[in-house]
Amino acid sequence: MVKISPYAVATVLALATNVDAFVGPSPSVLSGSTKLQMSAYPSSADDILWTPSIKTGERDDLLGPMTKYCEDLYSVTRRKTRTVTCGPIQFGSDHPIVRQTMATTDTANVDASIEQIMRCADKGFDLIRITVQGKREANAAAKIREGLFKKGYDIPLCADMHFQPVVAQLVADAVEKIRINPGNFADGRKDFEEKVYESEADYVKEREYLVEAMLPLVQKCKDLNRCMRIGTNHGSLSSRVLSYYGDTPRGMVESALEFADICRSQDYHNFVFSMKASNPLVMVQSYRLLASEMYRLDWDYPLHLGVTEAGEGEDGRMKSAVGIGTLLADGLGDTVRVSLTEDPEFEYEPCNRLSEMAEGRLAATNPEAAARQSAVKKYVDTRDITTYSRRVGTLPTKKEGEKVDVEQFLNPNGSVISYISPKMLSEGNAPYLYKELGFKTAVGMPFKDIATSDSVFMRELPATDDSNARTALRRMMEVGTGVIVPAEELKENPLENAVALVSLTEAVKSNGEIPEGAIRLAVEIDGSEDDDTIAKVKDLDPVMIFIAIDEELSQLHASRRIFEILKTNEINVPAIHHYKSSVADSNDLALELGTKIGSLLTDGNGDGILIEQVGETNFSVEFLRNTGFSLLQGCRMRNTKTEFVSCPSCGRTLFDLQETTAKITEATGHLPGVTVAVMGCIVNGPGEMADADFGYVGTLPGKVDLYYGKEVVRKNIPNDDAVESLVELIKEYGMWKEKEVEEEVEEAVAA
């Protein structure tokens, strides 16, 4: 049980003297009081010192260009921030990363909410967010706060506010933190009507209503020392911002800066920022852009990190790790939430693990990490964090006389290479291996499908007299599957048409010589090579590069250096990240991959993934293949299954989100290239599902609206009929295909 702090004692006494926390002076008295208190500060939009315009170039003229987005490009160093107080906890670079989650109970159900919050606190969370839709929930929040104190829990609460500025002021009496969404806090207009602004002056005219809505809340939070999160969401930008900046990271940042300017005008600085999106690439770019703007503005507010609507299971953890892990690796982020379509208690492990991984990378507190980072040879990082541009390797082309199609060894949208061993090819096993690798089969013969491994990697080959195993390899090669084998193994145990893997250093020494029978060369780079050696890849003309970073080097920084050298020398050979893992837990593997490889793919650096197990682990080939494809899809490279944007549930949710998501996944999970959003309420509706083709949104208890893009096309469908209606809608728009019946594994035919 949490020890009650002096802060908690003071607050519970205040609440005890006012059972209904919001029965007090009349609105007119409050209004007059607010005016008196705020008279020393700007009270209208015209009086506020706004951040100079980005569109007119005024910001660049006055402040110069953006020059950095993190403390150090070459070592992991936390961005220096101020300390923000939230009840008994503190955010900022001088404090541990704060772990938080969100309650899924109906906030008006006080007892259920208290019980769930206590479970989350016992699990280890530092802060819990609750939904506050109106005065009823605001009063309930006061009772929840009081009830938690009485039970010995002083874990701070954050009220999640949308559309309700007045209610936000009320609930600030009871909770330690208020989250506002700039996209819908001030006006509540959730539409997609395009506005036309003839000039910057037309755009800024509408700031007055933002100021009117925000000033009373800012003063309340300042007076009570409450914390605030200015939480911009990619999918819920206001129609005003969308019309002027578009659905862009720049629009997200500018929206947040406006609200920060209002806070700063009142000398209120106890706030943090967030830039959430369901697309990890947009999320990463938005946070980096905001951090860069804060550097040139000389602001030091902490950052709350999260990928919104990440989903569930390994996919949800993977997507969260790609976004959150990438930023933490840059030293950005002071508090974290992993948004999963699961009970909030289950968010703790991935949230905590990502935070631990980040803290373990910090050069200032981890000598081993510092040594790995400093061991990377010097390079100049030229990445442009204001945009996303993927380096796309040039695929190999078939040469005259070659018996297999090397063009199919890799995929232009990102490749998955699977590690296999000789025993997997032994007599009777080949048909099962074909299935594990994602092949379709007909009379025992394999054929590539949408999510088949593009190539396989073998450290050892079956014996030359093992005809069954050799036949299985030959059949895979005949349908465009590359078989990549170390050159030393091929010398001892030849395999016709295999790709010979050679360390770059050895390849340079031998001038790219490959064993007899091998079809092409692949080179392995471990990051220890000098610049001139890496530049010689161009002369060797390998079919692909394996990036397998030396354990003595920082994987992130050594990999970035390699890609900088490749770019400088205009080397467009496909680069595959060869990741070796010894973890035995599937969720941990997703978090590791998302953080360590996703942080490179989000920069556009990498053409694929090879996951190799080391040590006592027993993941199946199929699981690792699917994990590889999930990583590529999470990084917006290659879609091999339906993409789900699924909100994590909260007190606003109007149906059983986990059960419904499972039903929708079962019915529609076989549609690569299709994105389906599952949203529990209208707040997480058309805006939050900005990337989706189809939306399934709770609108009334027991009722669902269906969307095509941002347009409602079917309304008030009973929950029991809604999944079937969604399937019909997908068919109506020509994006449906029937599920393929999985074939029984067939015995391989004789050679």
Side-chain angles (χ1 to χ4, degrees), residues 4-27 29-41 43 82-92 98 100 107 126-132 134-135 137-149 153-161 164-180 185 211-231 259-260 262-273 301-302 304 335:
I4 297 183
S5 65
Y7 155 79
V9 174
T11 307
V12 77
L13 286 173
L15 289 168
T17 62
N18 185 10
V19 176
D20 183 343
F22 312 119
V23 175
S26 68
V29 174
L30 284 174
S31 176
S33 171
T34 300
K35 282 187 177 180
L36 287 172
Q37 292 172 8
M38 296 173 62
S39 60
Y41 297 104
S43 58
R82 69 175 58 229
T83 291
V84 167
T85 301
C86 182
I89 67 170
Q90 294 178 311
F91 304 109
V98 171
Q100 58 178 283
T107 304
D126 303 305
L127 183 149
I128 311 292
R129 183 156 46 114
I130 58 176
T131 55
V132 178
K135 186 175 178 180
E137 288 78 18
N139 278 306
K143 294 174 183 176
I144 292 167
R145 176 71 281 167
E146 183 179 5
L148 287 166
F149 280 151
Y153 287 80
D154 67 351
I155 186 169
L157 301 179
C158 173
D160 192 53
M161 301 305 308
Q164 297 280 3
V166 175
V167 175
Q169 296 171 53
L170 299 177
V171 78
D173 282 316
V175 301
E176 292 80 1
K177 184 179 179 185
I178 307 291
R179 179 270 169 129
I180 64 160
F185 177 78
V211 174
E212 290 174 1
M214 271 291 286
L215 282 186
L217 176 62
V218 171
Q219 187 60 44
K220 188 73 170 281
C221 289
K222 183 179 178 183
D223 290 345
L224 297 176
N225 195 29
R226 299 304 194 225
C227 175
M228 185 186 296
R229 168 155 69 96
I230 299 174
F259 278 73
I262 298 171
C263 293
R264 288 169 57 84
S265 76
Q266 309 303 305
D267 196 25
Y268 171 70
H269 302 279
N270 200 42
F271 63 87
V272 304
F273 284 112
Y301 301 105
H304 164 76
T335 172

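Bear in mind that the values here come from a model prediction, so they are computed numbers and not experimental data.
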If you compare all heavy atoms of [X] against all heavy atoms of [Y], which two are closest, and at what distance to 0.1 Å?
| X | Y | result |
| --- | --- | --- |
| Lys220 | Ala172 | CG-CB, 3.9 Å |
| Cys263 | Ile230 | SG-CD1, 4.2 Å |
| Pro302 | Phe271 | CD-O, 3.8 Å |
| Glu176 | Gly87 | CG-CA, 3.8 Å |
| Ala142 | Ala174 | CA-CB, 3.5 Å |
| Leu127 | Cys158 | CD2-CB, 3.9 Å |

Got a second to check how far [X]'s [atom1] is from [Y]'s [atom2], nearest 0.5 Å?
| X | Y | atom1 | atom2 | result |
| --- | --- | --- | --- | --- |
| Asp154 | Arg145 | CG | CZ | 7.0 Å |
| Gln164 | Lys135 | CD | NZ | 12.5 Å |
| Phe273 | Met228 | CZ | CE | 11.0 Å |
| Ile130 | Ile144 | CD1 | CD1 | 4.5 Å |
| Cys221 | Asn270 | SG | CG | 8.5 Å |
| Ile89 | Ile155 | CD1 | CD1 | 7.5 Å |

Practice item. Using side chain to side chain donor-acceptor pair (under 3.5 Å) as the criterion, list what pairs up with Glu137, not counting sequence neighbours. Key: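 Partners of Glu137 by the side chain to side chain donor-acceptor pair (under 3.5 Å) criterion come out as none, since no residue qualifies.
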Say whether, by atom type as modelled, one donor and one acceptor occur between the side chain of [X] and the main chain of [Y] under 3.5 angstrom.
| X | Y | answer |
| --- | --- | --- |
| Gln100 | Ile128 | no |
| Arg226 | Asp173 | yes |
| Thr107 | Thr131 | yes |
| Asp160 | Arg179 | no |

Point to revise | Whether Tyr301 and His269 hold their rings parallel, tilted or perpendicular, with breakpoints at 30° and 60° | key: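 The rings of Tyr301 and His269 lie parallel, inter-plane angle below 30°.
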Point to revise | salt bridge (charged side-chain N to carboxylate O under 4.0 Å, His left out) involving Lys222 - partner list, sequence neighbours excluded | key: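 Once residues adjacent in sequence are excluded, Lys222 has no partner under the salt bridge (charged side-chain N to carboxylate O under 4.0 Å, His left out) criterion.
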Check your understanding: In chain order, what residues pass the ring-ring contact (aromatic ring centres under 6.0 Å, His included) check against Phe259, with sequence neighbours excluded?
Key ->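 For Phe259 there are no ring-ring contact (aromatic ring centres under 6.0 Å, His included) partners, ignoring immediate neighbours.
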Review point. Quick one: are Met214 and Phe185 in side-chain contact, heavy atoms under 4.5 Å?
Key: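 Yes, at least one pair of side-chain atoms sits under 4.5 Å.
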Review point. Should Arg229 and Thr335 be marked as a side chain to side chain contact (heavy atoms under 4.5 Å, CB included) after you check the CA-CA gap, both sets of side-chain angles, and the distance that decides it?
Key: CA-CA 11 Å; Arg229 168 155 69 96; Thr335 172; over 6 Å; no
Practice item. State which residues pass side chain to side chain contact (heavy atoms under 4.5 Å, CB included) with Ala159; sequence neighbours excluded, sorted by chain then number. Key: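 Ala159: side chain to side chain contact (heavy atoms under 4.5 Å, CB included) contacts with Val132, Met161, Val171, Val175, Ile178.
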